[in-house]
Amino acid sequence: MRRLLMILAAWTLTACQPEPQLATLTDDTPETMAALSAVLATATGRATVRLGPADVTRSPEVTVLPALATRLEGNSPAMPTVFEIVLVDGDCYVRDRESGEIFLLTHLSCTPV
């Protein structure tokens, strides 16, 4: 019975969560891009990040490029990390496409795609 209640509680919690909606940022000012980069650095566990070429006001996809290889490294197998800008209950987030983990974009606004 306890297991059934736990399953029911988990189902209820997930059923009440709104589905994230793809979105774009409303502007790409240097301040906005710095805030976005700071959140993505936290999300990837790095001090700084380099963003791939994208227009965040037109596309919901944001790519974090891998760290640069050093002189002592040959070809690096590192791959970019892809995030999506999503809107959940009026708040903007970035969602790691691979893990599904989301990170709040504090004080940034976005519009649904």
Side-chain angles (χ1 to χ4, degrees):
M1 182 68 164
R2 182 175 179 201
R3 181 181 164 123
L4 179 61
L5 288 174
M6 289 175 56
I7 292 171
L8 182 60
W11 177 78
T12 303
L13 287 174
T14 58
C16 295
Q17 298 295 324
E19 186 67 29
Q21 183 177 12
L22 289 177
T24 58
L25 294 179
T26 56
D27 66 74
D28 60 355
T29 62
E31 295 81 12
T32 296
M33 297 309 290
L36 175 63
S37 293
V39 171
L40 292 172
T42 300
T44 57
R46 294 166 41 187
T48 59
V49 294
R50 291 180 308 124
L51 301 181
D55 184 349
V56 294
T57 62
R58 293 179 182 236
S59 172
E61 187 174 281
V62 181
T63 304
V64 175
L65 301 175
L68 293 173
T70 65
R71 289 185 302 144
L72 302 176
E73 292 179 305
N75 294 329
S76 174
M79 297 294 292
T81 305
V82 180
F83 291 86
E84 296 169 326
I85 302 167
V86 294
L87 190 61
V88 180
D89 278 343
D91 292 320
C92 294
Y93 294 84
V94 285
R95 175 176 58 192
D96 185 321
R97 186 178 283 170
E98 188 173 311
S99 71
E101 190 173 3
I102 63 172
F103 302 88
L104 179 63
L105 294 173
T106 308
H107 306 297
L108 296 183
S109 59
C110 57
T111 57
V113 172

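Nothing fancy with the numbering, it's 1 onward along the sequence.
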Report task. I would like to know whether Leu22 and Ile85 meet side chain to side chain contact (heavy atoms under 4.5 Å, CB included); could you show each step before the answer? Result -> CA-CA 6 Å; Leu22 289 177; Ile85 302 167; over 6 Å; no
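- The shortest heavy-atom contact between Pro80 and Thr63 is CB-CG2, 3.3 Å.
- For Val39, the side-chain contact (heavy atoms from CB on, under 4.5 Å) partners are Val94, Phe103, Leu105, not counting sequence neighbours.
- Asp91 CG to His107 NE2: the interatomic distance, rounded to the nearest 0.5 Å, is 11.0 Å.
- Expressed to the nearest 0.5 Å, how far CZ of Phe83 lies from CZ of Arg97 amounts to 11.0 Å.
- No path of Ile, Leu, Val, Met, Phe, Trp and Tyr side chains, each step under 4.5 Å between heavy atoms, connects Val56 with Leu87, placing them in separate hydrophobic clusters.
- Considering all non-hydrogen atoms of both residues, Val49 and Ser37 come closest at CG2-O, 3.6 Å.
- Residues Cys92 and Ser109 share a closest heavy-atom pair of SG-C, 3.5 Å.
- Note: Arg50 CZ to Leu40 CG = 13.5 Å, rounded to the nearest 0.5 Å.
- In this model, no donor atom of one side chain and acceptor atom of the other lie less than 3.5 Å apart for Thr57 and Asp28.
- The CG atom of Leu51 lies 7.5 Å from the CG atom of Leu65; values are rounded to the nearest 0.5 Å.
- You'll find the side chain of Glu61 reaches within 4.5 Å of the side chain of Val82, heavy atoms only.
- Taking OG1 from Thr26 and CG from Leu108, the interatomic distance works out to 8.0 Å, rounded to the nearest 0.5 Å.
- To the nearest 0.5 Å, atoms CG (Leu25) and OG (Ser59) are separated by 10.5 Å.
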